[in-house]
Amino acid sequence: LYLLAFQKTSIIPRECVEYYSAKNRGGFRQNPVGTGPYRLKKWVRKVRLVFEANKKYWHSKYPTEGFSAADKKRGLDADAGKKLPRNDIVIMNIFQGQPQPAWIKFWKKQLDYSGVATEYFKKIFDEKRNLRPEMAKKIHTTAVPLLDFIYTGFNFKDKVVGGNGEKARYLRLAMAYAMDYKEINKIFYNNECVVYQGAIPPNLAGHGGKRFKQDLKKAREYLVKAGYPGGKGLPELVISTSASSQVKDREDVYKRQMAKIGIKIRYELSTFSQLSRKLRSGNNQMFSLAWGSDYPDAENNLMLFYGPNKSPGPNNWNYVNPKFDKLFDIARYMQPSKARTALYTKLNNILIKDAVFLGSMARLRRYIWHPHLKNFKPNETIGVYWKYLSVPKRK
């Protein structure tokens, strides 16, 4: 049922899709027409998007119930029953690469709110994750747990790491036990991630719980079973990923951890669009990505491993397991129940046993905002909170 409420199933006019799809009209993506609270007014690629209020929007008003005591304390109920959207203009600024430009703009109040980059975490928060006194005088903060699946995946079409044979499975398990996610969480996420096993994020039915700890002894034993004692005979493994400000540091950490059992790896960098094309073609050995659930149901994560969805579909692993597919075909049509949760758990355990990926982690997204911004309560799964935001009119 979540699919019917998913933002990608919003109502759009067929005639507009057809009109803008004609030659030299830019396509519907550049000229979206729908029933939402805002209209796209201007788009400067890689710089900003400007949205203006849709005067014909009639879908809803500001909520009048469901406010918690904490919501009321923050004044989130002050606009109850008022017409939406609350603002005339919304400007989305895009920052690629280094986080410094976003931080400078936020500090100059040229941004009303922002996420918190890892590089600025200790500048903003103390050891107890509270705002530092000098920050608390000027800004507010909130944290949102993400339905997150951060992983490094194996392409099952690859002759070394892929396939359903025991040799490749033992190699994948060796790498899984060699990974120290506690260190990765500390270095790159300020210990803010939930480290778990399987593909189902925390707070969803079927979640697999805490991930097993790094175990180099067990990792070496699996490597021997795979036929690569101490890494002998195993070629260098390649992880495809997109470039970022921290990618070199990540590569160094992964290399060091894998070197402890004799495995050599390297990163192959590209833009995100290039990486997407590579995954759709199945032209990779391993890949490092993150998946945010589109809606709060484990089906959205489990379908990533459904055989018929293999590349160019969302099954970038090209993982095909008849037992998994048979159970998924049953679970996908069931309504929420204990029986469905039991199936989700079985499906998750199959992925863990087959070591389809190295993982997993779920982030905590921290936001900071200036006091003049009202009604700010972000939701990462259902991204419609912009229509509630309100700022005083510029003088």
Side-chain angles (χ1 to χ4, degrees), residues 99 115-119 121-122 125 129 143-154 172-216 219 239-258 260 265 267 272 275 279 286-294 296-298 300-302 304-305 314 316-317 319 344-345 347-349 351-367 378 380-381:
V116 177
T118 302
E119 293 87 340
F121 188 89
K122 292 181 179 179
F125 300 101
R129 288 169 169 68
V144 181
L146 305 189
L147 294 179
D148 225 2
F149 172 40
I150 302 173
Y151 64 88
T152 298
F154 298 98
R172 297 192 298 268
L173 283 168
M175 296 180 71
Y177 277 97
M179 293 295 296
D180 183 358
Y181 273 95
K182 185 176 180 180
E183 181 185 33
I184 292 170
N185 193 12
K186 180 180 179 180
I187 294 175
F188 300 109
Y189 299 99
N190 296 295
N191 283 324
E192 296 246 290
C193 280
V194 176
V195 180
Y196 64 96
Q197 62 177 341
I200 302 176
N203 302 314
L204 292 185
H207 172 61
K210 289 185 177 180
R211 184 187 187 275
F212 50 84
K213 295 181 180 179
Q214 181 192 46
D215 189 332
L216 295 179
I239 301 176
S240 299
T241 191
S242 54
S244 70
S245 60
Q246 293 184 328
V247 72
K248 183 64 175 68
D249 294 332
R250 286 176 181 273
E251 182 180 24
D252 290 342
V253 171
Y254 271 55
K255 278 184 174 180
R256 175 165 47 78
Q257 290 188 4
M258 289 299 140
K260 290 180 180 180
I265 65 165
Y267 271 19
F272 185 75
L275 176 62
L279 294 177
M286 297 173 62
F287 54 100
S288 184
L289 274 175
W291 173 269
S293 299
D294 295 314
D297 193 303
N300 187 240
N301 284 55
L302 295 172
L304 297 172
F305 305 94
N316 295 320
W317 294 260
Y319 174 68
Y344 280 176
T345 300
L347 288 162
N348 205 29
N349 287 338
L351 298 176
I352 295 168
K353 180 185 176 183
D354 284 350
V356 185
F357 48 82
L358 307 175
S360 307
M361 303 178 76
R363 290 165 290 190
L364 184 74
R365 180 92 75 211
R366 288 192 179 269
Y367 288 95
E380 289 277 347
T381 307

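This is a predicted model, so every value here is computed, not measured. For the single chain, residues carry numbers from 1 onward in sequence order.
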Could you check whether any side-chain heavy atom of [X] comes within less than 4.5 Å of a side-chain heavy atom of [Y], counting everything from C-beta outward?
| X | Y | answer |
| --- | --- | --- |
| Pro201 | Leu146 | no |
| Leu351 | Leu302 | yes |
| Asp249 | Ile187 | no |
| Ile265 | Met286 | no |
| Lys248 | Tyr267 | no |
| Arg365 | Asp148 | no |
| Trp317 | Leu304 | yes |
| Lys213 | Lys182 | no |

Atom pair [atom1]/[atom2] of [X] and [Y] - distance to nearest 0.5 Å:
| X | Y | atom1 | atom2 | value |
| --- | --- | --- | --- | --- |
| Ile239 | Leu358 | CD1 | CG | 7.5 Å |
| Ile352 | Leu347 | CD1 | CG | 11.0 Å |
| Leu173 | Lys353 | CG | NZ | 10.5 Å |
| Asn348 | His207 | CG | NE2 | 8.5 Å |
| Gln246 | Asp252 | CD | CG | 12.0 Å |
| Phe121 | Asn191 | CZ | CG | 9.0 Å |

[X] to [Y] - nearest heavy-atom pair and separation:
| X | Y | value |
| --- | --- | --- |
| Arg211 | Gly359 | NE-O, 2.8 Å |
| Ala219 | Ala178 | CB-N, 3.8 Å |
| Val247 | Ser242 | CG2-O, 4.1 Å |
| Cys193 | Met361 | CB-CE, 3.6 Å |
| Leu204 | Ser293 | CD1-OG, 4.3 Å |
| Gly206 | Ile200 | O-CD1, 3.4 Å |

Next on the checklist: Check for me whether Arg366 meets the cation-pi criterion with Phe125, that is, NZ or CZ under 6.0 Å from the six-membered ring centre and within 45 degrees of the ring axis.
Outcome noted: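 Here Arg366 passes the 6.0 Å and 45° test against Phe125.
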Going by the rule ring-ring contact (aromatic ring centres under 6.0 Å, His included), which residues pair with [X] if we only count those two or more places apart in sequence or in a different chain?
| X | value |
| --- | --- |
| Phe272 | none |
| Tyr367 | Phe376 |
| Phe149 | Tyr151, Phe357 |
| Tyr189 | none |

Q: Might you work through the side-chain contact (heavy atoms from CB on, under 4.5 Å) test for Gln257 and Val253, ending with a clear yes or no?
A: CA-CA 6 Å; Gln257 290 188 4; Val253 171; 3.6 Å; yes
TODO: Could you list the residues that satisfy side-chain hydrogen bond (donor to acceptor under 3.5 Å, both in side chains) with Asp294, not counting sequence neighbours?
DONE: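 By the side-chain hydrogen bond (donor to acceptor under 3.5 Å, both in side chains) rule, Asp294 matches Asn300.
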* Asked: Got a sec, which residues hit side-chain hydrogen bond (donor to acceptor under 3.5 Å, both in side chains) with Asp297, two or more places apart in sequence or on another chain?
  ->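 Listed in chain order: Arg340, Tyr344.
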Main-chain N/O of [Y] paired to [X] side chain as donor or acceptor, under 3.5 Å:
| X | Y | value |
| --- | --- | --- |
| Ser360 | Ala199 | no |
| Arg172 | Val356 | no |
| Asp180 | Gln214 | no |

Answer yes or no: are there more than 12 heavy-atom neighbours, outside [X] itself, under 6.0 Å from its atom [atom1]?
| X | atom1 | result |
| --- | --- | --- |
| Lys255 | NZ | yes |
| Lys186 | NZ | no |
| Asn203 | CG | no |

